[in-house]
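Working notes, beginning with the structure itself.
Position 1 is the first residue of the sequence; numbering continues from there. Please read all numbers here as calculations on a predicted model, not as lab measurements.
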Amino acid sequence: MEDNSKFFRYGWIVFLIILIYLNYEELFLYLKEKTQFELYEKMAYSDMMTQTLNRISFDEFMEQQKEKDKNQEHKAPLAFVMLDLNNLKQTNDLYGHKSGDEVIKGAAECIKQEYGGAGDVYRIGGDEFLVVIHKDDVDLDALDQALKERIRKYNKVHCRDISIASGSAVRGTGNKDAETLFREADKQMYVDKQKYKCGLS
């Protein structure tokens, strides 16, 4: 009887060890798959060059925002800041696309440093960025000036200068939808770009 009792206890220990091993293996596989999924998701929604959100992510945001705008009588705070690099084509033509890529990455870093704490930064085109802000207490003029100062400091220590045209639109009391804000910010950005081309800014 005593031998049987020992055998039974050892059997339970072996069974528990096998059970723990199998559960550990399942947990390991689950964590591995979860990590891979998160990596693939990040790759799908992020711009690898600039480490910002990408156009796919922005399009998805806009679709979700359209649904929210339809269902909200009093729409939540929202502002768009459109940012477009000046002279990128000239940089690519004169110094090559590697230099152009460095300018894009430098611009992205400047934008993220000044706007990243206020909203989400997207790269929506080759040289176009957009910041989406969900707050109503953000001083856009102050952020714009801070970005200009950041770029000025960047240009002092880098070979290729950065210049950015910008335009913004705020929902405010007009209760505008996201599409309208996007168009307004884009229009204001082109006004600023035209001033730059004419040497007025």
As an exercise, state the distance from [atom1] of [X] to [atom2] of [Y], rounded to the nearest 0.5 Å.
X: I111; Y: F129; atom1: CD1; atom2: CZ; result: 5.0 Å
X: N92; Y: I104; atom1: CG; atom2: CD1; result: 7.0 Å
X: D127; Y: D84; atom1: CG; atom2: CG; result: 4.5 Å
X: S168; Y: L83; atom1: OG; atom2: CG; result: 9.5 Å
X: D177; Y: K70; atom1: CG; atom2: NZ; result: 10.5 Å

Do [X] and [Y] have side chains that approach each other closer than 4.5 Å (heavy atoms only, starting at C-beta)?
X: H134; Y: D120; value: yes
X: L147; Y: C110; value: yes
X: T50; Y: V121; value: no
X: Q113; Y: R150; value: yes
X: K176; Y: E184; value: yes

*Considering the options K112, K105, R123, which one meets the side-chain contact (heavy atoms from CB on, under 4.5 Å) requirement together with Q51?*
K112
*asked:* Taking Y154 as the starting point, is it possible to reach Y115 by hopping between hydrophobic residues whose side chains are less than 4.5 Å apart?
replied: yes
_Quick check on the hydrophobic clustering: are Y196 and V191 connected, directly or via other members, by side-chain heavy-atom contacts under 4.5 Å?_
no
*Under 4.5 Å side-chain linkage, directly or through intermediates, the cluster mates of F58*: L53, F61, M62, L78, F80, M82, Y122, I124, L130, V132, L181, F182, M189, Y190
Show the nearest heavy-atom pair for residues [X] and [Y], with the distance to one decimal.
X: L88; Y: G100; value: CD1-O, 3.6 Å
X: A118; Y: I133; value: O-CG2, 3.6 Å
X: A169; Y: A185; value: CB-N, 3.7 Å
X: T52; Y: A108; value: CG2-CB, 4.5 Å

*With sequence neighbours excluded, residues passing salt bridge (charged side-chain N to carboxylate O under 4.0 Å, His left out) with K187*: none
Using modelled atom types only, decide if a donor and an acceptor are shared between the side chain of [X] and the backbone of [Y] within a distance under 3.5 Å.
X: R171; Y: P77; value: no
X: N155; Y: I162; value: yes
X: N87; Y: Q90; value: no
X: K193; Y: L85; value: yes

Under 3.5 Å, side-chain donor or acceptor atoms of residues 138-146 against the rest of the protein: list the pairs with distances, not counting sequence neighbours.
residue : atom : partner : partner atom : Å
D139    : OD1  : D141    : N            : 3.2
D139    : OD1  : A142    : N            : 3.1
D144    : OD1  : K148    : NZ           : 3.3
D144    : OD1  : S166    : OG           : 3.1
D144    : OD2  : K148    : NZ           : 2.7

